[in-house]
Amino acid sequence: MAQLQPVRGTHDILPDDYARFRHVVDVARQAALLFGYREMATPIFEFTEVFARSMGETSDVVSKEMYSFTDKGGEGLTLRPEYTAGICRAFISNGLQQHVPFKAFAWGPMFRFERPQKGRQRQFHQIDVEVIGAAEPQADVEVISVAAEILRRLGILDKCVLELNTLGDPESRVGYREALVRYFSGHADALSEDSRKRLEKNPLRILDSKDEGDRRLVANAPLIQDYLTPAASDFFKALQDGLGAAGVPFKVSPRLVRGLDYYTHTAFEFTTDMLGAQGTVLAGGRYDGLIEQLGGKPTPGIGWAGGIERLVLLSDPQPVPPRSVAIIPIGAAAEAEAAKLAAELRRADVAVELAYGGNAGKRFKRADKLGCFAAVVIGDDELAGGVVKLKNLTSGEETTLPRGDLLAKLKA
RNA sequence: GCGGGGGUAGCUCAGUUGGUUAGAGCACCAGGUUGUGGCCCUGGGGGUCGGGGGUUCAAGUCCCCUCUCUCGCCCCA
């Protein structure tokens with residue numbers, strides 16, 4: 001630590017930025033509430049197995065990106081790299097199977113040891129929506145609709161494209177995986193080095209490789225659609241019909257895959273071309289096997305997470321200056337009266353700026369800088385007359401009115 | 001983890017082939033105005049030139065290491 005800096009990949013969120021951050025969370029919460037989702041939170045750290053067992057030991061996140069440590073009691077713990085695993089754990093821990101479908105909205109910090117870039121930090125924040133205990137494609141439609149509504153309210157839906165795919169049920173996936181391995185093995189010498197590794201670990205990932213050579217091979221690779229069981233195929237059809245009915249535009253992307261092991265059936269991503277390599281703004285899918293993997297009874301689930309920092313980068317800055325009124329006392333006697341008046345106004349929900357000191361000139365300057373819409377001046381003359389002077393800081397117009405009329409005037 | 005490009009005041013930046021006390025604009029503070037803001041004028045405070053080491057009579061400037069931001073890969077929200 002050469003200087004007093006935040007840890008690499010972490011950032012302070014100062015008031016101006018926090019207002020935008022907060023706006024994203026508020027809009028998301030409000031929209032989720034409209035669909036019947038209820039806000040909750042889980043701990044920021046969990047036993048390491050919660051993530052290892054759900055996301056897959058071989059996934060990149062688990063194998064090399066987690067902030068894991070042993071606590072003083074000898075427990076192996078991990079700072080959460082995502083929200084889904086923790087919410088599923090909470091579902092099991094609290095016996096929530098009697099409340100299905102369980103619909104949750106959550107947000108908070110996540111931690112991943114990655115190389116930082118714009119829109120990618122080691123501590124980052126996500127909004128998250130989950131439905132646990134619903135096997136119907138209507139749940140998928142709803143969950144995606146919530147996401148679209150949030151993006152619409154943030155004014156960034158038209159900057160994004162919804163890409164949709166199905167990974168099929170486990171039965172479909174086994175057959176498809178075999179077909180892919182067979183196909184790519186036949187062209188192994190033409191594959192990139194990265195993709196040769198993926199062939200063993202996660203052949204599906206080859207499908208979204210950015211390597212030119214890989215892409216040429218992928219173009220002729222088998223499609224998941226041809227390996228879907230009738231049930232999986234019907235499910236995907238129902239999802240698309242449902243989205244159409246809900247008025248959510250989408251694009252089927254046969255090469256869209258997921259990096260985490262727990263996904264089945266639906267996979268989707270809202271992506272943008274405005275954030276460079278960090279084009280995924282909000283993504284998720286169905287995870288019917290996850291609860292069981294964590295030790296619960298077989299329970300289907302679906303959900304998504306959205307990166308708050310990325311959403312903030314896409315949304316237009318909209319400074320919402322607090323419209324407050326400045327009280328400006330002149331003279332010692334007025335100080336006490338100003339404090340009293342400030343308390344009264346604040347109790348009545350009027351935002352008040354009361355400087356700690358300085359003469360009238362200083363205080364007016366400060367009121368102006370803070371964007372106050374009006375100033376209330378109290379001096380010896382006003383005290384004697386039981387009045388206050390109200391100055392409109394936009395027009396400069398001044399009026400004198402009885403102290404008792406001030407609240408009503410300000411509220412008008 | 002791999003490859004490329006940057007770090008000079010709170011912010012945006014200038015700084016010549018190495019050369020003496022490192023500058024500007026904005027912001028901040030003070031005064032002009034101890035009962036009136038915005039505009040203007042005058043003055044002021046602020047810099048380990050990201051950090052460390054090296055070359056040199058002399059380093060913001062050249063070399064090495066390191067930290068960090070950034071673009072791409074990987075991965076993902």
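No hydrogens, no waters, no symmetry mates; every other heavy atom, side chains included, goes into these values. To find a chain, count down the sequence lines: A is the first, B the second, and so on, and within it residues start at 1.
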Pairwise C1' distance for B:G25 and B:G19, with rounding to whole Å | 27 Å
Assign each of A:Glu269 and A:Lys210 to its nearest nucleotide of RNA chain B by heavy atoms, then name whichever residue's nucleotide is nearer the 5' end.
-> A:Lys210
Of the listed B:G37, B:C71, B:G35, the closest approach to the A:Lys118 side chain comes from B:C71
To the nearest angstrom, how far is A:Arg120 atom CZ from B:G1 atom C1'?
-> 11 Å
Between A:Arg115 (CZ) and B:G5 (P), how many Å, whole number?
-> 13 Å
Distance, rounded to the nearest Å, where A:Glu193 contributes CD and B:G1 contributes C1' = 13 Å
Whole angstrom is fine here: how far is it from CZ in A:Arg363 over to C1' in B:U33?
-> 17 Å
With C1' as the reference atom in both, quote the distance from B:A22 to B:A9 in angstrom, rounded to an integer.
-> 11 Å
Counting any heavy atom closer than 4.0 Å, what does A:Gly379 reach on the DNA or RNA strands: base, sugar-phosphate only, or nothing?
-> base
Measure all distances between protein nitrogen or oxygen atoms and nitrogen or oxygen atoms of nucleotides 41-46 of chain B, and list the pairs falling under 3.5 Å.
none

Length of the CG-C1' vector between A:Leu370 and B:G37, whole Å | 12 Å
Between B:G31, B:C28, B:C69, spot the one nearest the side chain of A:Pro116, thanks.
-> B:C69
With heavy atoms under 4.0 Å as the rule, sort A:Arg112 into base, sugar-phosphate or nothing.
-> base
Rounded P spacing from B:G1 to B:G44 in Å | 49 Å
Provide the Watson-Crick or G-U wobble partner of B:C2, both distances under 3.5 Å; none if there is no partner.
-> B:G72
Answer with base, sugar-phosphate or nothing: what part of the nucleic acid does A:Ala367 contact at a heavy-atom distance below 4.0 Å?
-> nothing
Using a cut-off of strictly less than 4.0 Å, decide whether A:Lys362 has a side-chain nitrogen or oxygen near OP1 or OP2 of B:G31.
-> yes
Classify the nucleic acid contact of A:Thr394 as base, sugar-phosphate or nothing, counting any heavy atom under 4.0 Å across all strands shown.
-> base
Euclidean distance for C1', B:C49 against B:U68 (whole angstrom) = 16 Å
Starting from the 5' end of RNA chain B, give me the residue, A:Gly119 or A:Asp211, whose nearest nucleotide shows up first.
-> A:Asp211
A:Tyr83 ring centre to A:Arg80 NZ or CZ under 6.0 Å, with the angle to the axis within 45°?
-> yes
Tell me yes or no: between the side chains of A:Ser209 and A:Asp214, is some donor less than 3.5 Å from an acceptor?
-> yes
